[in-house]
Trainee: 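Please see the structure below; I have some questions.
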Amino acid sequence: MGAHHHQHDLQITLHPKQFKPLFKTKAYRHALGMAFDWLVIVVTIYACLQFLNPFTYLLAVVVIGARMHALAILMHDATHFRFLKNRYWNDMVSNLLTMYPLFTSIAIYRQNHLRHHQHLNTDHDPDWVAKFGKPEFTFPKTKREFIGTLLSYLVLYQGTKDAVWFLQRFQAPDAKTHTVQEARWPKLLFYTVLFAALTLTGTWLYYLMFWFVPYLSSFFMFQYIRSVAEHYGEMAYDDMLSSTRTVKTNAFERFLIAPHQVAYHLEHHLYPGVPYYNLPKLHKLLMEQEEYRAKAHITEGYLSGLLNELGGKMIVEV
């Protein structure tokens with residue numbers, strides 16, 4: 001791997017009066033985000049059942065997967081304790097409303113994710129190492145190859161592979177670190193209640209149609225697109241500002257691909273303590289800094305800019 005710089009190596013000085021308020025959390029903003037995501041999922045299922053046909057079902061799968069991804073993004077903020085000040089309830093509420101439905105837990109994810117921040121794009125970064133050598137994360141790629149990978153998610157092929165890989169990584173504590181400590185009873189209780197309710201109401205088919213299928217297809221597809229946008233493609237990896245990417249998005253992309261301001265990924269790596277709803281303000285402040293303007297990897301759009309950066313030269317040594 002080439003030279004890697006940390007945030008403190010950069011010549012960036014932000015005025016405390018403007019900068020410090022950006023770290024203030026507003027739990028209601030996070031809660032409203034979760035409520036919105038679940039509301040969209042419920043309304044989508046209801047609407048699809050009212051007008052059920054192959055087209056409406058495919059549309060429902062895409063929308064539900066997008067909102068699953070959005071819930072995962074909110075969990076990511078909670079991983080940095082940007083939701084509730086009480087850490088126990090920060091994790092418990094996040095588990096019940098975001099992580100247990102996605103078949104893992106926040107404590108296990110946090111163990112992996114904080115090391116990703118500490119060792120970004122190096123052989124000590126668990127995300128980087130886990131993806132290294134996988135065909136879908138090998139670049140350069142042509143647009144046709146990339147779109148072909150996306151289509152393989154929609155037929156459940158790649159999503160099923162990703163789910164197996166994901167559950168292997170995020171189901172058990174890391175045997176080398178033993179840093180994950182969490183009670184097992186809330187997860188067991190959650191699945192007991194869920195499966196009992198599905199059995200008693202005879203709604204297993206709906207669960208498979210409107211949760212399991214989106215999970216194995218569009219959810220992992222959107223995860224993949226975002227992961228590529230954050231750390232892969234035409235990137236130099238020789239500086240903190242060139243080791244990840246911020247994508248400027250339109251409303252359509254924000255709804256489907258980059259919910260809850262997750263496209264401001266460079267800003268998040270620089271200052272992970274800033275909650276997601278303040279990242280646009282942080283970006284505006286950083287754009288006033290000469291070094292950031294000159295070196296920051298900023299891409300205009302997923303559907304346009306990112307697709308044009310997949311074929312660039314990528315030099316990786318792990």
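Model, not experiment: these values are computed from the prediction. The figures here come from the full heavy-atom set of this structure, side chains too, leaving out hydrogens, waters and symmetry mates. This chain uses plain numbering: 1 for the first residue, then up along the sequence.
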Trainee: Looking at Ile106 and Asn90, what are the two nearest heavy atoms and their distance?
Mentor: CD1-ND2, 4.5 Å

Trainee: Test the Lys141-Phe139 pair against the cation-pi criterion, namely NZ or CZ under 6.0 angstrom from the six-membered ring centroid and within 45° of the ring axis.
Mentor: yes

Trainee: When you measure from the side chain of Asn53 to the backbone of Thr56, do you find a donor-acceptor pair of N or O atoms at a distance under 3.5 Å?
Mentor: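 Yes, because the side chain of Asn53 sits within donor-acceptor range (under 3.5 Å) of the backbone of Thr56.
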
Trainee: Measuring from atom NE2 of His265 to atom CG of Leu270, what distance do you get when rounded to the nearest 0.5 angstrom?
Mentor: 10.5 Å

Trainee: Which pairs with one or both residues in residues 32-56 pass ring pair (Phe, Tyr, Trp, His ring centres under 6.0 Å), sequence neighbours excluded?
Mentor: Trp38-Trp211

Trainee: Does the Glu253 side chain pair with the main chain of Leu303, one donor and one acceptor, at a distance under 3.5 Å?
Mentor: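 Yes.
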
Trainee: If you take all heavy atoms of Pro101 and Asn95, which pair is closest and at what distance?
Mentor: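 Pro101 and Asn95 have their closest heavy atoms at CD-O, 3.5 Å.
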
Trainee: Please say whether more than 12 non-hydrogen atoms of neighbouring residues, nucleotides or ligands are located less than 6.0 Å from CZ in Phe195.
Mentor: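 It does: Phe195 CZ has more than 12 such atoms within range.
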
Trainee: Could you give me the CA-CA distance, side-chain angles and deciding distance for Leu208 and Phe212, then say whether side-chain contact (heavy atoms from CB on, under 4.5 Å) is met?
Mentor: CA-CA 5 Å; Leu208 294 174; Phe212 212 64; 4.1 Å; yes

Trainee: Between the main-chain N or O of Gly301 and the side-chain N or O of Asn250, is there a donor-acceptor pair closer than 3.5 Å?
Mentor: no

Trainee: Is any side-chain heavy atom of His231 closer than 4.5 Å to one of Phe137?
Mentor: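 No, side chains not in contact.
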
Trainee: Say you draw a straight line from OG of Ser218 to NE2 of His69; how long is it, rounded to the nearest 0.5 Å?
Mentor: 11.0 Å

Trainee: For the NZ atom on Lys284, are there more than 12 heavy atoms of other groups (residues, nucleotides or ligands in this structure) within a distance under 6.0 Å?
Mentor: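 Not more than 12 within 6.0 Å, no.
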
Trainee: side-chain contact (heavy atoms from CB on, under 4.5 Å) for Thr25 and Phe83? Distances and angles first, verdict last.
Mentor: CA-CA 7 Å; Thr25 59; Phe83 177 24; over 6 Å; no

Trainee: Any idea which heavy atoms bring Arg67 and Pro259 closest together, and the distance?
Mentor: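 The pair with the smallest heavy-atom distance is NH2-CB, 3.9 Å.
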
Trainee: Where do Thr149 and Gln158 land on the side-chain hydrogen bond (donor to acceptor under 3.5 Å, both in side chains) test, with the steps shown first?
Mentor: CA-CA 8 Å; Thr149 300; Gln158 187 61 47; over 6 Å; no

Trainee: Please say whether more than 12 non-hydrogen atoms of neighbouring residues, nucleotides or ligands are located less than 6.0 Å from CH2 in Trp89.
Mentor: no

Trainee: Indicate yes or no: at least one non-hydrogen side-chain atom of Lys26 is less than 4.5 angstrom from one of Pro275.
Mentor: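 Side-chain contact under 4.5 Å: no.
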
Trainee: Linking Ile, Leu, Val, Met, Phe, Trp and Tyr through side-chain heavy atoms less than 4.5 Å apart, which residues share a cluster with Ile73?
Mentor: Val262

Trainee: Applying side-chain contact (heavy atoms from CB on, under 4.5 Å), run through Ile41 and Leu71 and close with a yes or a no.
Mentor: CA-CA 11 Å; Ile41 290 172; Leu71 289 169; 4.2 Å; yes

Trainee: Checking ring pair (Phe, Tyr, Trp, His ring centres under 6.0 Å) for the pair His117/His80: CA distance, chi angles, key distance, verdict?
Mentor: CA-CA 11 Å; His117 272 268; His80 293 280; 4.8 Å; yes

Trainee: When you look at OH of Tyr206, are more than 12 heavy atoms from neighbouring residues, nucleotides or ligands closer to it than 6.0 Å?
Mentor: no

Trainee: Atom CG in Leu306, atom NZ in Lys143: separation rounded to 0.5 Å?
Mentor: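 These two atoms lie 10.5 Å from each other.
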
Trainee: Under the ring-ring contact (aromatic ring centres under 6.0 Å, His included) rule, collect the residues that match up with Phe220, sequence neighbours excluded.
Mentor: Phe166, Tyr215

Trainee: Using ring centroids (six-membered ring only for Trp), state whether Tyr232 and Tyr224 fall under 6.0 Å.
Mentor: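 Aromatic pair excluded; centres sit 6.0 Å or further apart.
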
Trainee: His260 and His76: aromatic ring centres closer than 6.0 Å?
Mentor: no

Trainee: Of all heavy-atom pairs between Leu120 and Ser243, which one has the smallest distance, and what is that distance?
Mentor: CD2-CB, 4.0 Å

Trainee: Would a hydrophobic clustering, with Ile, Leu, Val, Met, Phe, Trp and Tyr connected at side-chain separations under 4.5 Å, put Tyr276 with Leu114?
Mentor: no

Trainee: Is the backbone of Glu230 close enough, under 3.5 Å, to the side chain of Thr244 for a donor and an acceptor to pair up by distance?
Mentor: yes

Trainee: Is Lys131 atom NZ crowded by more than 12 heavy atoms from other residues, nucleotides or ligands, each under 6.0 Å away?
Mentor: yes

Trainee: If you count every heavy atom of other residues, nucleotides or ligands that lies below 6.0 Å from Arg87 atom CZ, does the total exceed 12?
Mentor: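 Atom CZ in Arg87 is not packed in, count stays at 12 or less.
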
Trainee: With no hydrogens and no angle check, is any side-chain donor or acceptor of Thr299 less than 3.5 Å from a backbone partner on Gly305?
Mentor: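 Checked: no pair found.
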
Trainee: Do the non-hydrogen side-chain atoms of Phe210 and Thr44 ever get within less than 4.5 Å of each other?
Mentor: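 They are not in side-chain contact.
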
Trainee: Using atom types as modelled and distance alone, determine if a side-chain donor or acceptor of Ser227 lies under 3.5 Å from a backbone N or O of Gln223.
Mentor: no

Trainee: Going from NE2 on His113 to CG on Asp125, what distance comes out if it is rounded to the nearest 0.5 angstrom?
Mentor: 10.0 Å

Trainee: Within the 4.5 Å heavy-atom criterion, are Thr122 and Trp128 side-chain neighbours or not?
Mentor: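 They are not in side-chain contact.
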
Trainee: Would you give the length of the straight line joining atom CD of Glu300 to atom CD of Glu309, rounded to the nearest 0.5 angstrom?
Mentor: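 Rounded to the nearest 0.5 Å, the CD-CD separation comes to 10.0 Å.
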
Trainee: Find out whether Tyr264 and Ile298 are in side-chain contact, i.e. whether some heavy atom of one side chain is under 4.5 Å from a heavy atom of the other.
Mentor: no

Trainee: Tell me whether the centres of the aromatic rings in His116 and His269 are closer together than 6.0 Å.
Mentor: yes

Trainee: Answer yes or no for Arg110 and Phe81: cation-pi contact, defined as NZ/CZ to six-membered ring centre under 6.0 Å and angle to ring axis within 45°.
Mentor: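 Yes, Arg110 and Phe81 form such a contact.
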
Trainee: Nearest heavy-atom pair of Val129 and Asp123: which atoms, and what distance?
Mentor: CG2-O, 3.4 Å

Trainee: Grouping I, L, V, M, F, W and Y whenever their side-chain heavy atoms are under 4.5 Å apart, do Val164 and Tyr153 come out in a common cluster?
Mentor: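 In one cluster with Val164: Tyr153, no.
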
Trainee: Using atom types as modelled and distance alone, determine if a side-chain donor or acceptor of Arg245 lies under 3.5 Å from a backbone N or O of His297.
Mentor: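 It does not hold such a pair.
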
Trainee: A side-chain contact here means heavy atoms from C-beta on lying under 4.5 Å apart; do Ile64 and Met68 qualify?
Mentor: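 Sidechains of Met68 and Ile64: in contact.
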
Trainee: Could you check Tyr100, Trp185, Phe103 and say which one makes a ring-ring contact (aromatic ring centres under 6.0 Å, His included) with Phe190?
Mentor: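 Going through the options one by one, the only one that passes is Tyr100.
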
Trainee: Hydrophobic clusters here meaning ILVMFWY residues chained together by side-chain heavy-atom distances under 4.5 Å, can you tell me if Phe146 and Tyr157 are in one?
Mentor: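 No, no single cluster joins them.
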
Trainee: Show your reasoning for whether side-chain contact (heavy atoms from CB on, under 4.5 Å) applies to Thr79 and Met75.
Mentor: CA-CA 6 Å; Thr79 297; Met75 175 281 307; 3.2 Å; yes

Trainee: Write down the atom of Leu286, the atom of Tyr271, and the distance for their closest heavy-atom approach.
Mentor: CD2-CE1, 4.1 Å

Trainee: Hydrophobic clusters here meaning ILVMFWY residues chained together by side-chain heavy-atom distances under 4.5 Å, can you tell me if Leu194 and Val213 are in one?
Mentor: yes

Trainee: Donor-acceptor check, side chain of Arg82 to backbone of Leu74, threshold 3.5 angstrom: yes or no?
Mentor: no

Trainee: Got a donor-acceptor contact below 3.5 angstrom from the Tyr302 side chain to the Ala258 backbone?
Mentor: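 Not a single qualifying donor-acceptor pair exists.
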
Trainee: Let me confirm one number: the CD1-CD1 distance from Ile257 to Ile225, rounded to the nearest 0.5 Å.
Mentor: 5.0 Å

Trainee: Could you tell me whether a side-chain N or O of Thr249 sits under 3.5 Å from a main-chain N or O of Arg254, the two making a donor and an acceptor?
Mentor: no

Trainee: Look at the side-chain heavy atoms of Ile, Leu, Val, Met, Phe, Trp and Tyr, link any pair under 4.5 Å apart, and say whether Val43 and Val40 land in one connected group.
Mentor: no

